[in-house]
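One structure is given below, encoded as structure tokens.
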Amino acid sequence: QQQVKQSPQSLIVQKGGISIINCAYENTAFDYFPWYQQFPGKGPALLIAIRPDVSEKKEGRFTISFNKSAKQFSLHIMDSQPGDSATYFCASHVSSGSARQLTFGSGTQLTVLP
Amino acid sequence: NAGVTQTPKFRVLKTGQSMTLLCAQDMNHEYMYWYRQDPGMGLRLIHYSVGEGTTAKGEVPDGYNVSRLKKQNFLLGLESAAPSQTSVYFCASSYHSGAKNIQYFGAGTRLSVL
């Protein structure tokens with residue numbers, strides 16, 4: 001069962017445009033929401049993350065918007081560059097006793113055209 | 001600083017063969033994870049470990065076993081490989097600070113089961 005739904009599956013954006021990727025979650029116990037970036041042939045790497053008590057977090061050209069009541073969060077990439085072309089995964093974190101787990105979305109393949 | 005190292009990088013197995021994937025981390029992290037990545041499915045947790053000598057099942061544990069005899073190593077075993085286990089396998093390790101859980105991934109092992 002997928003507890004984190006991510007859309008779109010693929011996205012093509014012109015250089016300089018805004019890329020927007022959306023995620024929705026079901027489990028209200030999730031307490032940390034990271035985004036990971038993955039280049040072909042590499043493992044995912046943390047890009048940016050947000051806590052649920054914050055509505056927005058910005059790091060350079062990357063911004064997470066978080067809507068707790070709607071149980072949705074999104075990644076915005078401003079001034080998208082060809083080097084941003086990668087697969088992006090949203091994730092949601094839950095703690096249970098000593099366990100710490102991330103549940104990942106299905107991924108969005110972003111292509112930024114030059 | 002190697003981070004998370006996975007071996008081997010590629011492997012082809014015949015149905016019914018067994019193999020072990022090795023993950024090593026040099027960051028002194030308590031937590032380690034094994035994921036599989038399939039197209040359109042994101043990353044799904046197979047097994048994880050919250051410390052040396054402990055392991056637990058994730059979302060898709062069937063057909064896999066793990067061991068964490070040393071803090072820096074996490075082994076994933078396939079006792080009798082099946083074509084459905086053709087996938088890219090990622091190991092990750094993490095520390096956590098409250099709800100914040102940053103996972104560091106290896107470069108992956110691409111496994112084909114014929």
Side-chain angles (χ1 to χ4, degrees), chain A residues 1-10 21 23-25 27-54 57 59 66 68 86-109, chain B residues 2-7 9-10 21 23-25 27 29-61 68 88-110:
Chain A
Q1 70 250 10
Q2 187 180 22
Q3 297 185 49
V4 179
K5 295 184 179 180
Q6 184 172 345
S7 63
Q9 187 174 0
S10 63
I21 304 170
C23 282
Y25 64 95
N27 188 349
T28 56
F30 288 143
D31 56 10
Y32 177 67
F33 300 87
W35 285 87
Y36 281 77
Q37 180 187 53
Q38 183 182 29
F39 294 104
K42 304 292 185 182
L46 179 67
L47 181 64
I48 187 173
I50 196 168
R51 296 193 326 261
D53 56 347
V54 176
K57 183 173 182 181
E59 291 185 359
F66 188 82
K68 189 173 182 178
T87 300
Y88 293 82
F89 294 95
C90 63
S92 300
H93 174 265
V94 65
S95 304
S96 176
S98 61
R100 304 280 187 272
Q101 295 185 36
L102 288 177
T103 299
F104 286 85
S106 55
T108 297
Q109 187 168 349
Chain B
V4 178
T5 303
Q6 292 183 232
T7 53
K9 289 182 169 41
F10 303 94
L21 283 67
C23 177
Q25 54 100 359
M27 296 173 282
H29 287 165
E30 288 292 336
Y31 292 78
M32 296 189 75
Y33 307 84
W34 275 107
Y35 294 91
R36 60 177 290 171
Q37 184 176 28
D38 302 290
M41 304 287 287
L43 292 130
R44 291 183 292 168
L45 183 63
I46 304 172
H47 286 280
Y48 64 97
S49 170
V50 302
E52 181 178 322
T54 70
T55 63
K57 294 179 180 179
E59 179 186 354
V60 289
R68 183 104 181 264
V88 181
Y89 291 86
F90 287 100
C91 174
S93 70
S94 75
Y95 72 91
H96 70 89
S97 174
K100 187 176 181 180
N101 176 287
I102 298 177
Q103 294 191 11
Y104 296 83
F105 285 81
T109 296
R110 187 173 295 274

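In what follows, every chain begins at residue 1, and chains take the letters A, B, ... in the order their sequences are listed. All values below come from the heavy atoms of this structure, side chains included, with hydrogens, waters and symmetry mates left out.
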Inset, instruction - Let me see the working for Y31(B) and Q101(A) under side-chain contact (heavy atoms from CB on, under 4.5 Å), right down to the final yes or no. - result: CA-CA 10 Å; Y31(B) 292 78; Q101(A) 295 185 36; over 6 Å; no
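Heavy-atom contacts from other residues, nucleotides or ligands closer than 6.0 Å to CD of Q9(A) number 12 or fewer. When the shell of 6.0 Å around CZ of R110(B) is examined, it contains 12 or fewer heavy atoms from other residues, nucleotides or ligands.
Chosen from P39(B), S49(B), G42(B), the residue pairing most often with chain A at heavy-atom distances under 4.5 Å is G42(B).
Looking at Y33(B), the atoms closer than 4.5 Å to chain A (heavy atoms on both sides) all sit in the side chain, from C-beta outward. Residue P44(A) touches chain B through both its backbone and its side chain, counting heavy-atom pairs closer than 4.5 Å. Of the two parts of Q103(B), the backbone and the side chain both hold a non-hydrogen atom closer than 4.5 Å to a non-hydrogen atom of chain A. With a 4.5 Å cut-off on non-hydrogen atoms, Q109(A) does not touch chain B at all. Looking at L45(B), the atoms closer than 4.5 Å to chain A (heavy atoms on both sides) all sit in the side chain, from C-beta outward.
Between atom OH of residue Y36(A) and atom CZ of residue F105(B) there is a gap of 5.5 Å, rounded to the nearest 0.5 Å. Once rounded to the nearest 0.5 Å, the distance linking CD1 of I102(B) with CZ of R100(A) reads 14.0 Å.
Listed here is the closest heavy atom pair of G40(B) and S106(A): O-CB, 3.5 Å. Contact detail for Q37(B) and F89(A): the closest heavy-atom pair is NE2-CZ, 3.0 Å.
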